[in-house]
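Reviewing the structure listed below.
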Amino acid sequence: MTWHTKTIKELATSLQAKEISSQELATLFLNRISSVPELNAFVDLNEEQTMREAKFADEQLAKGSQPLLMGVPVAHKDVFVTKHWKTTAGSKILTNYISPFDAHVVAELGTNGAGMVCLGKVNMDEFAMGSTNESSYAGAAKNPWNIDRVPGGSSGGSAIAVAAGLSPAATGTDTGGSIRQPASLCGITGIKPTYGKVSRFGMIAYASSLDQAGPMAKTAEDCAIMLNVMAGHDAKDSTSLDKAKEDYTKNLGKTWTGEAGLSLKGLRVGLPKEYFGDGLSSDVRKAVESAIEQFKKMGAECVPVTLPKTELSIPVYYVIAPAEASSNLSRFDGVRYGRRAEKYDDLLDMYKRSRSEGFGAEVKRRIMIGTYVLSHGYYDAYYLKAQRIRRIIAQDFQNAFESCDIIAGPVAPTVAGKVGEKVSDPTQMYLEDIYTLSPNLAGLPAMSMPCGFGDNEMPVGIQLIGNYFAEAKLLQVAHAYQLETDWHKAQSPFAKKGGL
Ligand code: GLN
């Protein structure tokens, strides 16, 4: 039986029907994880705890009707703090850190919530800064479609875990594309909800006004099921939206006008001309355009829209995100948080050495940019200006949504590059984020789902962007597409390995 190729929906059904136990599933996935260390997907395992959680789930399942996700395995990005696994956020400065509590998302999904079983923590770029998962202190993680290529970042480990059949689902976070980009590059589905939908409590902060957690899985339906648990008000996060819980599966299998069926008649898909310009490689363009053709075939109407400030999203984001990061990362000083340098002369020297030794190059680069743009004399010229343009970017989306219901375009300009190709050229790496940054700057929901293959037979994702709180609509469109096409079913060579 190829259990590792199943969706969480299928696994949940099999668990409830007692066709397999949660302990059997956990063992199967833990074996798969330890059989592929070359992917470097997992950074911490605690098999005893995983089995304890699976045993608990089996006991609950034996009692009868249980929450849908009871006993289904999940992997958590190492940015969520966990009581039973180390949390490093991909940084040396948090070596061996164990949190006294679980992040909100971890708790909601786990034993005291929906009953998912945690398989372990997965690799990520250091403090979620990166687009390739190469800045991790645990080393680069590798793409299961081609081990010489990057999985995308920063939630690289999460995308690998799903694409290689090491976990049926994973959590991720997205500050400027970190759920969508690795999902696209590894051929899986992932959604970044509206800012404030998912609590950031216990999620190590990168850029607080942009950070948002979301699910990564094989299908839009799986993402909807997980988001049902992850989203919701949490008093412990002051930016958590005080809105009633929503059922993100409610539109699945319905036509755009609300009847049963898959027709997208009535749906207006906006195509921003800035997302299909010169920077987009022809292989990615082809795959994305074929998905758009499919939408049309299903009845959708495509309308040209414009997001004129798209190009400015890179300088604006790379001012605002480092500014917030420089402030958020000040707590890692060897006293409040973080590994302390072993040798030092005095207090100031201790701070300097602890931070110099503990942070990697990309993090240091961003702290320096951040403190610079916030410093007296430069604040108005950089930070304030960036905030003003951020507002215009958000307004541009509102203008576009006057003539369309959702926006579609590419996730990244190219398919996954080779490991090591871009590490020495950070500005080149930042350009990879051109299509993903604006939704974060505006706080909008956006997702990626597989829509074909590009050069070197690497996966390509299409991005769908919605207006505020349009998650259920995005997932509805994606689900209809996935019922009509098979791209999301394509298996990476690593997923095909070992039909355990
Ligand atoms: N690549 C972007 C950055 O490095 C986005 C990362 C993210 O979404 N966490 O900041």
Side-chain angles (χ1 to χ4, degrees), residues 77-80 89-91 122-136 140-141 150-159 170-186 190-193 195 198 200 203-216 313-329 359-370 373 386 390 410-414 416-417 422-423 425-448 461 463 465:
K77 183 173 179 177
D78 203 24
V79 77
F80 294 100
S91 183
V122 282
N123 208 342
M124 58 179 279
D125 277 303
E126 186 175 3
F127 287 107
M129 299 174 185
S131 314
T132 59
N133 208 134
E134 292 172 286
S135 75
S136 168
V150 299
S154 64
S155 314
S158 312
T171 51
T173 60
D174 192 311
T175 305
S178 280
I179 287 176
R180 290 159 285 158
Q181 196 229 33
S184 172
L185 270 39
C186 290
I191 183 164
K192 173 205 107 65
Y195 180 79
V198 178
R200 293 184 294 113
M203 198 175 110
I204 295 177
Y206 162 16
S208 312
S209 77
L210 300 156
D211 296 344
Q212 186 60 197
M216 300 171 78
S313 66
I314 296 182
V316 165
Y317 174 91
Y318 280 99
V319 166
I320 294 173
E324 293 184 16
S326 70
S327 165
N328 278 328
L329 268 50
F359 291 135
E362 186 58 33
V363 174
K364 285 179 188 159
R365 189 176 294 127
R366 304 222 185 168
I367 292 174
M368 285 196 285
I369 296 172
V373 299
R390 178 180 188 174
V411 176
T414 61
K422 291 209 173 103
V423 262
D425 191 350
T427 45
Q428 200 56 36
M429 178 122 72
Y430 300 164
L431 293 178
E432 296 287 313
D433 302 338
I434 179 85
Y435 307 126
T436 50
L437 300 176
S438 309
N440 297 74
L441 289 166
L444 295 167
M447 67 178 295
S448 171
Q463 179 172 212
I465 306 167

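Note that the coordinates shown come from a computational prediction; the quantities given were computed from them, not determined experimentally. When a ligand or atom number is given, it counts from 1 through the structure's own listing order.
- Using a heavy-atom distance under 4.0 Å as the criterion, the protein contacts of ligand 1 are A128, M129, G130, S131, S154, D174, T175, G176, G177, S178, Y206, Y317, Y318, R366, D433.
- Judged purely by atom type and a 3.5 angstrom limit, N133 uses its side chain to pair as donor or acceptor with the backbone of G157.
- With sequence neighbours excluded, the residues forming a side-chain contact (heavy atoms from CB on, under 4.5 Å) with V373 are V319, A323, I369, Y382, listed by chain and number.
- In this structure, F127 has its ring center no closer than 6.0 Å to that of Y206.
- With sequence neighbours excluded, the residues forming a side-chain contact (heavy atoms from CB on, under 4.5 Å) with A442 are A394, F397, L444, Y468, listed by chain and number.
- Among residues two or more places apart in sequence or in another chain, the side-chain contact (heavy atoms from CB on, under 4.5 Å) test is passed with S158 by K77, V122, S155, A170, M216.
- In this structure, K422 does not pair ionically with E134, as no charged nitrogen and carboxylate oxygen lie closer than 4.0 Å.
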